[in-house]
Amino acid sequence: MRVKSIVNLSHNFYHSASSFSTDSLPNPKISPRTSIAAIFKSFKRKLAAGRLPSTPRSFKSSAETCAALLRRCSCSPRLLAGLALHGHAVKRGISSDRSVFTKLLSMYGECGHRDDRDRIFAEFAGSDIFSCNFMMADFARSGDIDAACSLFDKMPCRNVISWTIIVDELMKRGRISDAVEYFEGCPCHTVVSFTAMINGFSRNGMIFDGLLLFRGMIRIGLMPNEVTFTCVIAGCGGSGEFGLAMSVVGMIVKTSFDQNLSVCNSLITLYIRMGDAGMARKVFDEMPERDVVSWTALLDLCFESGDLKEARRVFEDMPVRNEVSWSTMIARYSQSGEDLEALRLFNLMLQHDSKPNVSSFACVISASSSLENLMHGAGVHSHVIKFGYEHDVFVASSLIYMYSKCKKSDDARQIFDSLLIKNIVCWNSMVGGYSYDGKMEEAMHLFKQLVRKNASSWNAMISGFVHNELYGNALEIFDAMLGSGEAPNRMTLSSVLMACANLPSLERGRNLHAKTLKLGISNEVIIGTALIDMYAKSGDIGSARRAFSMMPEKNEVSWTTMVRGLADSGLAEESLALFDDMRRENVIPSESVFLSILFACSHRRLVQKGFHYFDSMERVYGIAPKERHYTAMVDLLSRAGLLREAEEFISKMPVAPESSTWAALLSGCVTHGNGEIGERAAKMVMELEKEKTGGYVLLSNMYASAGRWRDVAEVRRLMREAGLKKGGGCSWIQIRAAFHAFYSWDSNHPRALEIYDVLELLVPEMGTFYDADTY
DNA sequence: GTAGGGTTAG
């Protein structure tokens with residue numbers, strides 16, 4: 001109310017010069033410790049003592065003082081002081097002084113009173129180019145590019161700065177053709193307007209257009225400055241145009257800009273992206289001066305070289321840190337799997353009074369998502385609220401993802417619903433969140449409401465179905481995606497290939513392989529790896545091998561997938577040989593690759609070799625064997641008939657045996673006919689797995705093979721009493737688009753009678769089969 | 001101490 005009345009009145013004061021005193025304002029209760037309060041008091045004292053010049057002669061110095069004070073009011077927003085100054089300015093007739101007026105605009109804007117600011121602008125602005133540019137820049141900064149453009153169009157005269165503001169903002173929003181149109185309309189260019197345009201191109205992935213403009217600028221005689229060079233180097237580095245970057249580096253050296261701080265900073269990052277750690281370090285070492293950006297770039301260099309210890313040392317020795325250096329530490333520790341340390345760093349950041357920004361929050365929320373620890377996640381959430389970022393779409397999307405990963409998609413939904421402005425990323429996070437939490441119906445419901453879907457929206461659904469092992473649905477929604485005209489990307493294809501890998505649908509997989517070739521993504525690691533997995537699981541190990549050998553770049557997952565594919569296909573020797581290749585290539589084995597290796601050894605009864613690999617896990621690679629590895633070892637011993645050793649191995653395990661550990665032993669006992677150990681093992685299986693049939697079936701098989709029919713009947717009785725029924729084994733075939741599944745003596749198929757007739761013709765002894773599994 | 005272009009993270 002107060003603000004409005006002053007603003008409404010101010011116009012009249014300006015013209016009628018009626019009496020208005022700062023004393024008529026409520027006395028602002030400002031802490032005397034703050035400098036602005038002190039200045040304001042001194043100003044009021046001077047005013048009261050009549051020491052401030054008020055005659056037209058000293059108009060200028062009065063305006064200067066007022067402008068300087070107003071500036072303080074917008075730097076650390078002080079509305080009351082600002083209002084008083086506004087009143088004073090009106091009274092003295094200096095409120096339309098250019099410097100006072102722009103400060104007033106800034107003060108109202110910074111204090112959150114944009115309506116009032118816009119009103120005084122409308123009343124006073126007239127044709128002043130300065131205040132128009134100021135307002136245009138502010139409209140643009142706050143996201144209202146249309147308001148900025150309409151002001152631009154209304155301005156009676158403009159300068160190059162007016163054009164630059166518009167061009168830069170249009171480029172930042174990706175409106176390239178509009179930006180070009182305005183840029184071409186500008187009658188006289190400067191190095192700044194050119195740089196804005198060049199950088200706009202490069203940020204929109206059009207580095208060649210940027211470089212053409214860069215050349216054009218030099219041709220018309222405008223010399224690039226340090227900002228131009230910084231932008232061009234960053235653009236070349238970001239788009240991987242290292243050859244072009246080097247020719248620009250030549251110019252930089254010739255013009256001695258290689259001594260400039262910002263140019264050197266961008267050069268460090270360029271060399272890191274080129275993979276030239278030596279040159280990056282050399283630039284850093286030879287810089288005449290360094291700032292927080294240089295040190296943060298060096299930090300990044302350490303992480304890129306995989307040297308966490310050195311990074312930590314650099315971080316601790318840095319003369320200055322800012323929120324970017326903290327975010328770098330948090331993000332990189334999280335990427336290295338050190339999520340707990342990332343969270344610790346975030347707390348340290350708060351203790352150091354560093355104010356987290358959107359990116360710091362995004363990093364630390366992502367770290368708590370990886371930990372799937374609700375306590376940590378909710379702790380970070382409380383800081384989000386404390387710092388007022390809960391309505392930021394970027395932060396909210398990370399929170400939605402974090403809660404969903406912690407299986408709290410209802411809490412995620414609350415955040416989603418509380419957002420007044422939602423972008424597509426929030427929608428996709430929520431769809432993905434439901435998928436991750438296994439709530440595919442809710443995911444689908446939300447997905448259907450999403451009017452403007454992008455590739456990520458479709459990917460969230462597809463990977464959700466895959467994650468929940470609903471592979472058929474994944475393929476269905478993929479078909480719908482293709483039907484909608486949305487182009488699939490690498491994420492889509494890798495998910496769909498994963499679905500195919502788990503369905504008996506090799507033909508579909510081959511089609512997808514062709515699609516990856518068409519999209520030009522077949523050479524990418526993630527796609528190559530998905531292809532290996534799909535072919536291996538579909539039984540086409542030859543194609544899996546080819547996909548593996550054709551990969552130009554392999555990572556640890558690609559190797560692991562191929563080793564596992566071979567092992568699962570019964571090619572134990574080849575699998576072990578590939579594992580040795582993998583170690584020769586210095587690829588660090590994961591715990592999951594050891595599982596495949598132990599499996600391969602087990603199938604070939606390679607007891608010694610198995611123990612060799614098992615021992616090397618901890619000794620050589622520092623990987624503590626998990627329950628699954630111990631189970632694999634029990635399986636290895638049991639299959640080889642070393643049942644007593646297997647039982648002893650279980651008793652010495654440092655982790656508690658799982659039901660499958662005992663099942664492996666029991667299975668060995670069935671094969672090798674050891675009833676004594678078998679009974680003990682069976683008892684353990686049934687105890688650990690009360691609702692499952694595995695233990696009963698194995699035990700009954702063991703009795704059956706020993707001819708102990710009375711015991712077989714007893715086990716069946718026990719099973720019935722426990723209310724358990726064994727599910728039958730199932731085979732299926734695909735004919736065109738349809739799957740046909742068959743159980744033992746299954747009569748559900750519509751053409752069952754014909755099938756069995758044909759079968760009896762082909763395999764006469766089928767008719768004599770007795771179904772031993774039917775209880 | 002009146003308005004425009006930038007480097008480091010995500």
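Model, not experiment: these values are computed from the prediction. Proteins get letters first, then strands, A, B, ... in listed order; numbering begins at 1 in each.
- To the nearest angstrom, P of B:dA3 lies 20 Å from CH2 of A:W163.
- Residues forming a side-chain contact (heavy atoms from CB on, under 4.5 Å) with A:E286 (at least two apart in sequence, or on another chain): A:K282.
- Nearest nucleotide to the side chain of A:N199, out of B:dA3, B:dA9, B:dG5: B:dG5.
- Ion pairing between a basic and an acidic side chain is recognised when a charged N comes within 4.0 Å of a carboxylate O; A:E316 and A:R313 show no such pairing.
- Counting non-hydrogen atoms under 4.0 angstrom, A:D138 reaches nothing in the nucleic acid.
- Within 4.0 Å of A:A331, counting heavy atoms only, lie sugar-phosphate atoms of the nucleic acid but no base atom.
- Side-chain atoms of A:S359 lie closest to B:dG10 of the nucleotides B:dG10, B:dT2, B:dT7.
- Figure legend: cation-pi geometry between A:R114 and A:Y108 absent, as NZ or CZ is not positioned both under 6.0 Å from the six-membered ring centre and within 45° of its axis.
- As rounded to whole Å, 15 Å separates atom C1' of B:dT7 from atom CG of A:L298.
- Under the 3.5 Å distance criterion, with hydrogens and angles disregarded, a donor-acceptor pair is assigned to the side chains of A:D291 and A:N265.
- Summarising the geometry, the separation between CE on A:M107 and P on B:dG1 is reported as 19 Å, rounded to the nearest angstrom.
- Set against B:dG10, B:dG5, B:dA9, the side chain of A:V324 has B:dA9 as its closest nucleotide.
- Nucleotide B:dG5 holds its P atom 15 Å from the CD1 atom of A:I198, rounded to whole Å.
- B:dT8 atom C1' lies 12 Å from atom CZ of A:F284, rounded to whole Å.
- Partners of A:T102 under the side chain to side chain donor-acceptor pair (under 3.5 Å) rule, at least two apart in sequence or in another chain, do not exist in this structure.
- For residues 204-232 of chain A, proximity to DNA chain B is found at A:N225, A:V227, A:T228, A:T230, A:C231, defined as any non-hydrogen atom under 4.0 angstrom from a strand atom.
- Checking B:dG4, B:dA9, B:dG10 against the side-chain heavy atoms of A:A137 singles out B:dG4 as nearest.
- Using modelled atom types, no side-chain atom of A:S193 and backbone atom of A:H189 make a donor-acceptor pair closer than 3.5 Å.
- Both thresholds, 5.5 Å between centres and 30° between ring planes, are not jointly met by A:F134 relative to the base of B:dA3, so the two rings are not stacked.
- Where stacking is scored as ring centres under 5.5 Å apart with planes under 30°, A:W295 does not register as stacked on the base of B:dT8.
- In this structure, of B:dG1, B:dA3, B:dG4, it is B:dG4 that holds the atom nearest to the side chain of A:V160.
- In this structure, A:N159 places its CG atom 16 Å from P of B:dT2, rounding to the nearest Å.
- Distance alone, capped at 3.5 Å, places no donor-acceptor pair between the A:D146 side chain and the A:C149 backbone.
- Interface remark: the A:D300 side chain does not form any donor-acceptor pair with the B:dA9 base, using a distance-only criterion of under 3.5 Å.
- Here B:dG10 is the nucleotide among B:dA3, B:dG10, B:dG4 with the atom lying nearest to any side-chain atom of A:R332.
- In this structure, A:L301 atom CG and B:dT8 atom P are separated by 14 Å, rounded to whole Å.
- Scanning atom types as modelled, no donor and acceptor separated by under 3.5 angstrom connect the side chain of A:S366 and the base of B:dG10.
- Across all strands, A:S162 comes closer than 4.0 Å to no nucleic acid atom at all (heavy-atom distances).
- A:T269 comes within 4.0 angstrom of sugar-phosphate atoms only, judged by non-hydrogen atoms across all strands, and of no base.
- A cation-pi arrangement is absent between A:K355 and A:F387 under the rule of less than 6.0 angstrom and at most 45 degrees off the ring axis.
- Nucleic acid contact for A:R321: none, since no nucleic acid atom lies under 4.0 Å from a heavy atom of the residue.
- Both tests do not hold together for A:R273 against A:F242: distance to the six-membered ring centre under 6.0 Å, angle to the ring axis within 45°.
- Across B:dA9, B:dG4, B:dG5, the shortest atom-to-atom separation from the side chain of A:T190 is found for B:dG4.
- Remark: C1' of B:dT2 and CD1 of A:I161 are 10 Å apart, rounded to the nearest angstrom.
- Remark: A:R141 is in phosphate contact with B:dG4, judged by side-chain N or O atoms under 4.0 Å from OP1 or OP2.
- Note on A:Q335: every side-chain N or O is 4.0 Å or more away from OP1 and OP2 of B:dA9.
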